[in-house]
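Reviewing the structure listed below.
So that the names make sense, note that chain A is the first sequence line, chain B the second, and so on, each numbered from 1.
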There are 2 protein chains.
Amino acid sequence: MRIPRTTIHRLSIYLRCLHDLREEKSETISSEKFASLVGVKPTQLRKDLAYFGQFGTRGRGYDVDKLASGIVRILGTGKIRKVAIVGVGSLGSALLSYRGFSKRGFEVAVAFDMKAGKIGRRSRWPEILPATRMAAEIKKRGIKIAVIAVPATAAQKVADKLVAAGVRAILNFAPTRLFVPRGVSVESVDLAMGLEGLAYSLKSRGRSQ
Amino acid sequence: MRIPRTTIHRLSIYLRCLHDLREEKSETISSEKFASLVGVKPTQLRKDLAYFGQFGTRGRGYDVDKLASGIVRILGTGKIRKVAIVGVGSLGSALLSYRGFSKRGFEVAVAFDMKAGKIGRRSRWPEILPATRMAAEIKKRGIKIAVIAVPATAAQKVADKLVAAGVRAILNFAPTRLFVPRGVSVESVDLAMGLEGLAYSLKSRGRSQ
C-alpha cells in the first residue's frame, strides 16, 4: 500500500508532539485534544492512523508511549540511521549542532566541506572531512542518507556524487530542484513555508475581526 | 470557512513547485503531472484547490502563472511583510542569508541578539540590534511576524516579549513547544521531519524489493 507523503509528514508532526507530551509526563490524550494540538481535524488524524491499524481505545484516547513507538515503527526510525551533511556554511553548522536529529533516531556521522578552514574535529561535533574524500567515505561507512546544505549552484553536482557513492535518500536545503535517478528519494526543506502559514493566519484573522 | 493547516502547508509546496516551473519556462501543467511533482494524489490536489474556486481548465491543466498568483492571493503574501529574526547563532545566520524569504514575499527587516559581538551592520544583511532594544524596535516598526532562533531554554521568554510588543505570528525553530495567548499563531519548524520521510521511503523501498 502506498501511503501519501503528506500522511508521512503528519506522522512526524504527531511524533514530535508525542515527545513533548512525554516530557510533560502525559500518559494518555484524547483524540480531539491531540488533533487540536497538532493542528489537524480529528477525522484527518483518525484517517492517518487508520493506515496502520488500531491505536486508540474508545473513551480513553491514545496511550502516548504506545502511539509514539507505533509511529517510530511505521517510519522505520527505531534503529539509529547514519547521516552525512554536505556543506558546513551557516546552515550546515546549525544542522551539526542541532540536537533534534539524535532524539529522532538519526546520527550525523560525518560532514564534508570544500574549504580547508572548516576541516577537522571540534568538540561535540562529528568530524568534518574535505569534500574530495566524500565518495570514498560514504561508501566505506555505508551511509544511505545525506543532507545537502551547499549553495543552489553546487547542489546538483553534489547530489550526483552522493548517488554514485550509494546514497539513496537526500534531504535538500538548497533552494533548487534536484534531479535524481529512480530509487533515490529527495525531500526538500522549504524554510519559507512556515512564514506562509503564518501570513495566512494573520490574513484570515484580520478578516474575521 | 476554516481551512485546515495541512492544506495551507500544501499550498506552500504547490507554490514552490510553481516557482520552479516558471523558472523552467513551463506555462501550463496537467493536474496529474503537477500532483506527481508535488507528491500528493491528484484527488488531494483538486480538493485543496477547490477550497478557493476554479483553477484548472478541463483538458488543458493549470496555467502556471495564474495558479501561482491565486495561491499568493490565498496566502496573503502578495504585499511584502516585514519579519524580525531573534537569535543570530548559526541557524539565525543561515536564515539571515537565506534568499528564499524575499522571493516569497517576506523582508527580514531586523535581527536581534544578546551578544555584543553580533551587533552591527554587515553588507547584504539586515541590521542586528541588541536584544534589549527588541520590544521598542518591533513596536516602532509595526512588525507582526518574528522568527525565534534562540536556544530552547530562552525561547518562551523571547516569545512572551515578542507578543507583548505586538507580534502576532511566530516561526519557532527552537526545539520546544511555545505557549502563546489566543490570537497569536505559532508555526514550529521541525528539521528532523524531512529525515523521517526519507527513512520511511528507504524502509518501504527495502520491503518491496
Side-chain angles (χ1 to χ4, degrees), chain A residues 3-6 8-13 15-17 20 39-41 44 74-77 81 83 89-91 93-95 97-101 103-106 144-145 147 168-171 175-177 183 185 187-205, chain B residues 3-6 8-13 15-16 20 39-41 44 74-77 81 83 89-91 93-101 103-106 144-145 147 168-171 175-177 183 185 187-205:
Chain A
I3 295 155
R5 205 197 284 184
T6 47
I8 297 298
H9 282 172
R10 282 194 299 270
L11 291 180
S12 281
I13 299 173
L15 184 58
R16 182 185 163 130
C17 184
D20 288 341
V40 304
K41 289 186 194 163
Q44 177 75 72
I74 294 160
L75 294 174
T77 52
R81 287 175 185 269
V83 173
S90 49
L91 181 62
S93 304
L95 297 172
S97 356
Y98 186 64
R99 303 290 179 96
F101 292 142
K103 254 193 187 171
R104 302 275 277 277
F106 300 93
K144 298 291 169 217
I145 305 182
V147 177
R168 287 295 163 262
I170 294 173
L171 185 63
T176 184
R177 183 132 47 106
S185 307
E187 290 258 349
S188 289
V189 178
D190 182 353
L191 297 170
M193 181 193 285
L195 288 180
E196 284 173 341
L198 293 170
Y200 175 76
S201 71
L202 284 178
K203 184 192 142 202
S204 50
R205 234 181 301 116
Chain B
I3 295 156
R5 205 196 285 185
T6 46
I8 297 299
H9 283 173
R10 281 193 297 272
L11 291 180
S12 281
I13 299 173
L15 184 58
R16 182 186 163 128
D20 287 343
V40 304
K41 287 185 195 164
Q44 177 75 72
I74 294 159
L75 294 173
T77 51
R81 288 175 184 268
V83 173
S90 49
L91 181 62
S93 304
L95 297 172
L96 282 171
S97 355
Y98 186 64
R99 303 292 179 94
F101 292 143
K103 252 194 189 171
R104 302 273 278 275
F106 300 93
K144 299 291 169 216
I145 305 182
V147 177
R168 287 294 164 263
I170 294 174
L171 185 64
T176 185
R177 183 132 47 109
S185 308
E187 292 258 347
S188 289
V189 178
D190 183 352
L191 297 171
M193 180 192 285
L195 288 181
E196 284 173 341
L198 292 171
Y200 175 77
S201 70
L202 284 178
K203 184 192 142 204
S204 50
R205 234 181 300 117

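- Both the backbone and the side chain of B/L195 come within less than 4.5 Å of a heavy atom of chain A.
- Proximity to chain A is limited to the side chain of B/L95, based on heavy atoms less than 4.5 angstrom apart.
- When each of B/A192, B/G89, B/G197, B/S188 is checked for heavy-atom pairs under 4.5 Å with chain A, B/A192 comes out on top.
- Here B/A94 is the residue among B/A94, B/G76, B/G105 with the most heavy-atom pairs under 4.5 Å with chain A.
- The shortest heavy-atom contact between A/G194 and B/E187 is O-CG, 3.7 Å.
- Annotation for B/I13 and A/M193: closest pair CG1-CE, 3.3 Å, computed over non-hydrogen atoms.
- In this view, A/S12 and B/E196 satisfy the side-chain hydrogen bond (donor to acceptor under 3.5 Å, both in side chains) rule, not counting sequence neighbours.
- Only the side chain of B/S97 comes within less than 4.5 Å of a heavy atom of chain A; its backbone N, CA, C and O stay farther away.
- Chain B forms the most heavy-atom pairs under 4.5 Å with one residue out of A/V189, A/T77, A/I170, and that residue is A/I170.
- Counting heavy-atom pairs closer than 4.5 Å to chain B, the top residue among A/L171, A/I145, A/L91 is A/L171.
- Proximity to chain A (any heavy atom under 4.5 Å) is restricted, for B/R16, to the side chain, taken from C-beta onward.
- Proximity to chain A (any heavy atom under 4.5 Å) is restricted, for B/I8, to the side chain, taken from C-beta onward.
- A/C17 contributes atom SG, which lies 5.0 Å from atom CZ of B/R177 (distance to the nearest 0.5 angstrom).
- Nearest heavy atoms, A/P4 versus B/K41: CG-CE, 4.1 Å.
- Listed by chain and residue number, A/R10, A/Y14, A/A35, A/V38, A/Q44, A/L45, B/T6 satisfy the side-chain contact (heavy atoms from CB on, under 4.5 Å) test with A/V40 (two or more places apart in sequence, or in another chain).
- For the residue pair B/S93 and A/S90, no side-chain donor N or O sits within less than 3.5 Å of a side-chain acceptor on the partner.
- When all heavy atoms of B/R81 and A/A199 are compared, the closest pair comes out as NE-CB, 3.8 Å.
- The shortest non-hydrogen separation linking B/R104 to A/D190 is NH2-OD2, 2.7 Å.
- In terms of heavy atoms, A/K144 sits closest to B/L202 at CB-CD1, 4.2 Å.
- Rounding to the nearest 0.5 angstrom, the gap separating the CG atom in A/L11 from the OH atom in B/Y200 is 8.5 Å.
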